[in-house]
Amino acid sequence: MLSPKKVKFRKQQKGKLRGTAHRGSTISFGEYALKAVASGKLTAQQIEAARIAINRKVKRGGKMWIRIFPDKPLTKKPAETRMGKGKGSPEFWVAPIKPGRILYELAGVDEKLAVEALTLAGNKLPFATKVISRGTTI
């Protein structure tokens, strides 16, 4: 699973996912891309599940780029714990996603296969996504 090697602080505040993405909102490497339409948090497991779905569909053809990284720790308190007594321990890592963010890019495969693979990957994610190509502006 993806996770940072080292962090300055073990625990972070949740923060808000307001507005649209400005960084990482254009296709930089590939020809086709999976773009987030809604906001949400992607766990390292979800990123990996979508990556595997794309690789299985394209059968190791072409090249894929993952444009997101889970660098924010989410904490959880143990089950059946009373309120108070501080913040829980870090459980897993997430990547906060705003609408317009490019998640995955593909190159070296034909359009039909790329759209199918990216659609499959989008079904693994907890928010709405759409497939775009380098020619489209939206």
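Counting begins at 1 with the first residue of the sequence. Everything numeric in this text was worked out from a predicted model, so none of it was measured.
- From Glu105, atom CD reaches atom NZ of Lys35 across 11.0 Å, with rounding to the nearest 0.5 Å.
- Between Ala107 and Trp65, the closest heavy-atom pair is CB-CZ3, 3.7 Å.
- Interatomic distance, CZ of Arg18 versus OG of Ser39, reported as 11.0 Å (0.5 Å rounding).
- Using a 4.5 Å heavy-atom threshold, the side chains of Pro73 and Phe9 count as separate.
- For Lys11 against Ser89, the heavy-atom pair with the smallest separation is CE-CA, 4.5 Å.
- Around the NZ atom of Lys72, the shell of radius 6.0 Å holds more than 12 heavy atoms that belong to other residues, nucleotides or ligands.
- Looking at heavy atoms from C-beta onward, Tyr104 lies in side-chain contact with Ile47 at the 4.5 angstrom threshold.
- Atom-to-atom distance recorded for Ile68:CD1 and Gln46:CD is 9.5 Å, nearest 0.5 angstrom.
- Linking Ile, Leu, Val, Met, Phe, Trp and Tyr whenever their side-chain heavy atoms come within less than 4.5 Å leaves Val37 and Ile27 in two separate clusters.
- Taking each heavy atom of Val109 and Gly61 in turn, the nearest pair found is CG1-O, 3.7 Å.
- Placement of Leu113 and Val131 within a single hydrophobic cluster is found when ILVMFWY residues are connected by side-chain heavy-atom separations under 4.5 Å, directly or transitively.
- No continuous path of hydrophobic side-chain contacts links Leu120 to Tyr32 [ILVMFWY only; heavy atoms under 4.5 Å].
- A distance-only check finds no donor-acceptor pair linking the side chain of Arg60 to the backbone of Asn55 [under 3.5 Å].
- In this structure, the side chains of Phe29 and Arg67 come closer than 4.5 Å at one or more pairs of heavy atoms.
- Note that CD1 of Ile52 is 16.0 Å distant from NZ of Lys57, once rounded to the nearest 0.5 Å.
- Shown here for Ala36 and Thr129, the closest heavy-atom pair between the two residues is CA-CG2, 4.2 Å.
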Take Leu2 and Trp93 through the test side-chain contact (heavy atoms from CB on, under 4.5 Å) and record every step on the way to the result.
-> CA-CA 8 Å; Leu2 295 170; Trp93 296 90; over 6 Å; no
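- Of the residues Ile102, Leu118, Leu34, the one that meets the side-chain contact (heavy atoms from CB on, under 4.5 Å) test with Ile132 is Ile102.
- No chain of hydrophobic side-chain contacts below 4.5 Å, direct or via other Ile, Leu, Val, Met, Phe, Trp or Tyr residues, connects Leu42 to Leu74.
- Here the closest non-hydrogen pair linking Leu106 and Ala117 is CD1-CB, 4.3 Å.
- Atom CZ of Phe127 is separated from atom CG of Leu103 by 5.0 Å, given to the nearest 0.5 angstrom.
- The local environment of NZ in Lys87 is crowded, with over 12 non-hydrogen atoms from other residues, nucleotides or ligands closer than 6.0 Å.
- If you take CE on Met64 and CZ on Arg51, they are separated by 5.5 Å, rounding to the nearest 0.5 Å.
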Go through the steps for Thr43 and Met1 under the test side-chain contact (heavy atoms from CB on, under 4.5 Å), then give the verdict.
-> CA-CA 10 Å; Thr43 66; Met1 292 300 142; over 6 Å; no
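- When atom types are taken as modelled, the side chain of Lys77 and the backbone of Gly84 share a donor-acceptor pair closer than 3.5 angstrom.
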